[in-house]
2 protein chains.
Amino acid sequence: MAGVDNRRTDTRERILAVGLRLFASQGYANTSLRQIADELGVTKAALYFHFKTKEDIVTGILTGYLDGLNALIEGAEPQTAEGREQLLRRFAEHQAHWGLNLMRLIRENFTEIGNLPFGSEIKKAFRRLLDTLAGPGTTVLEQTRARTAFVAIQSVALAAEDKSADERELREAALTVALEVLHGR
Amino acid sequence: MAGVDNRRTDTRERILAVGLRLFASQGYANTSLRQIADELGVTKAALYFHFKTKEDIVTGILTGYLDGLNALIEGAEPQTAEGREQLLRRFAEHQAHWGLNLMRLIRENFTEIGNLPFGSEIKKAFRRLLDTLAGPGTTVLEQTRARTAFVAIQSVALAAEDKSADERELREAALTVALEVLHGR
DNA sequence: GTCTATATATGGATAGAC
DNA sequence: GTCTATCCATATATAGAC
């Protein structure tokens with residue numbers, strides 16, 4: 001039957017999970033394949049059965065996130081204030097869905113990730129998101145509002161680092177503030 | 001006379017300048033001493049006359065920034081709303097004074113920098129700044145406002161990346177939005 | 001799918017001459 | 001203050017056995 005003989009068919013997923021955690025907490029360049037392999041109880045060579053390069057691992061971690069982000073932007077209605085607020089809400093949900101470690105990997109390792117070929121796609125998506133969020137025919141002040149709303153959502157990862165408050169409460173507060181700043185309350 | 005025979009007494013400063021630019025644009029781990037040396041037209045070994053380790057270079061880059069930041073926080077009056085707004089204004093000036101590359105080095109390489117011994121001091125200072133900015137006896141919502149005001153100022157570096165708008169205008173808009181978000185308009 | 005062994009490159013750092 | 005030469009550790013990646 002399906003699912004019976006897959007004792008280690010999940011190795012690929014486990015590599016992605018450990019890679020995400022280590023990349024997020026130590027940085028991409030500072031995390032070696034040996035470290036990932038050790039945590040999984042395998043050797044470095046085993047990783048190369050599942051991924052051709054180190055970069056392929058981080059690509060595997062980020063690809064679903066990027067696809068969802070692009071879908072968000074694609075489906076937005078940037079002409080109306082309601083449509084832009086809706087986009088901001090969906091972005092907040094998207095961030096919550098992918099979790100704190102992925103948020104940290106992207107935001108707090110922005111240079112490292114953004115300089116990778118795949119990472120530049122994420123940078124492009126972020127820029128499209130900011131432009132869409134700001135709306136058409138935008139002033140610098142409106143662009144600043146959109147950007148601030150965007151980083152307000154992202155900053156949940158910063159707050160959740162060593163706070164006693166629970167993540168859900170932090171997300172709700174961040175969304176509240178982000179929404180009110182988006183169009184000047 | 002002083003200043004006559006200093007053809008290369010400024011090498012130390014030039015190392016810091018090139019290091020800042022490369023660390024900010026490529027990341028700390030991804031920038032080799034060889035690359036810094038090449039841009040200066042010297043060899044790696046020459047760097048070791050001026051700095052004992054690679055880490056000492058990034059410490060030299062960040063130390064003035066950290067001292068100024070701590071002085072800001074020390075001199076703040078966190079008991080009143082006016083005092084907290086004043087702190088935010090001074091933080092904005094401080095960021096402007098140290099420039100975009102240093103802002104990027106800290107914010108967009110947060111994991112790499114923050115995991116260095118010296119970098120953890122900056123993380124601590126940021127946390128003190130956030131706490132001070134939020135004021136005494138703070139709710140989650142007020143903490144979120146303080147954090148959002150903080151990242152709004154930081155996000156100038158993100159905006160200045162490929163925009164035609166001038167840096168000064170971006171800074172003013174960021175401060176305006178940050179101030180209005182700090183205490184809920 | 002995972003292992004051992006190894007090729008190959010590059011990094012930070014030091015010794016000692018000039 | 002800068003150079004050449006080198007040490008040494010660690011990194012990614014591959015070959016081939018099991």
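In what follows, chains carry the letters A, B, and so on, assigned in the order in which the sequence lines appear, proteins first and then strands, with residues in each chain numbered from 1.
The stretch residues 108-119 of chain A has no heavy atom under 4.0 angstrom from DNA chain D at all. Less than 4.0 Å separates DNA chain C from at least one heavy atom of each of the following residues of residues 27-37 of chain B: Thr31(B), Ser32(B), Leu33(B).
The ring pair (Phe, Tyr, Trp, His ring centres under 6.0 Å) contacts involving residues 103-122 of chain A comprise nothing, where partners must be two or more places apart or lie in separate chains. Within the structure, salt bridge (charged side-chain N to carboxylate O under 4.0 Å, His left out) contacts touching residues 173-185 of chain B (residues at least two apart or in different chains) are Arg145(A)-Glu180(B), Glu180(B)-Arg185(B).
For the pair Tyr48(B) OH and dC3(D) P, the interatomic distance rounds to 15 Å; values are reported in whole Å. Atom CG of Leu40(B) and atom P of dT2(D) are 9 Å apart (whole Å). For the pair Lys54(B) NZ and dA9(D) P, the computed distance is 19 Å after rounding to whole Å. The nearest whole Å value for the distance from the CD atom in Glu55(B) to the C1' atom in dG11(C) is 15 Å. Here the P atom of nucleotide dA17(D) and the CZ atom of Phe49(A) are 18 Å apart, to the nearest Å. Put simply, CG on Leu22(A) is 13 Å from P on dA11(D), counting in whole angstrom units. Put simply, CZ on Arg12(A) is 17 Å from C1' on dT2(C), counting in whole angstrom units. The distance from atom CZ of Phe51(B) to atom C1' of dG12(C) is 16 Å, rounded to the nearest whole Å.
For Glu82(A), there are no salt bridge (charged side-chain N to carboxylate O under 4.0 Å, His left out) partners two or more places apart in sequence or in a different chain. For Tyr48(A), the side-chain contact (heavy atoms from CB on, under 4.5 Å) criterion is met by Leu33(A), not counting sequence neighbours. Not a single salt bridge (charged side-chain N to carboxylate O under 4.0 Å, His left out) links Glu169(A) to another residue, sequence neighbours left out. Among residues two or more places apart in sequence or in another chain, the salt bridge (charged side-chain N to carboxylate O under 4.0 Å, His left out) test is passed with Arg34(A) by Asp38(A). In this view, Phe126(B) and Phe150(B) satisfy the ring-ring contact (aromatic ring centres under 6.0 Å, His included) rule, not counting sequence neighbours. Residues meeting the salt bridge (charged side-chain N to carboxylate O under 4.0 Å, His left out) test with Lys124(B), sequence neighbours left out: Glu121(B).
A salt bridge is absent between Arg84(B) and Glu77(B): the closest approach of a Lys/Arg side-chain nitrogen to an acidic carboxylate oxygen does not fall below 4.0 angstrom.
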What protein N or O atoms touch nucleotides 5-7 of chain C N or O atoms at under 3.5 angstrom, if any, and at what distances?
none

Without placing hydrogens or testing angles, list every side-chain donor-acceptor pair under 3.5 Å for residues 98-107 of chain A, not counting sequence neighbours.
| residue | atom | partner | partner atom | Å |
| --- | --- | --- | --- | --- |
| Trp98(A) | NE1 | His94(A) | NE2 | 3.2 |
| Arg104(A) | NH2 | Ala157(A) | O | 3.4 |

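In this structure, the side chain of Asn30(B) does not engage the main chain of Ser25(B) through any donor-acceptor pair within 3.5 Å.
Taking side-chain N and O atoms only, Thr11(B) has a distance below 4.0 Å to OP1 or OP2 of dT2(D).
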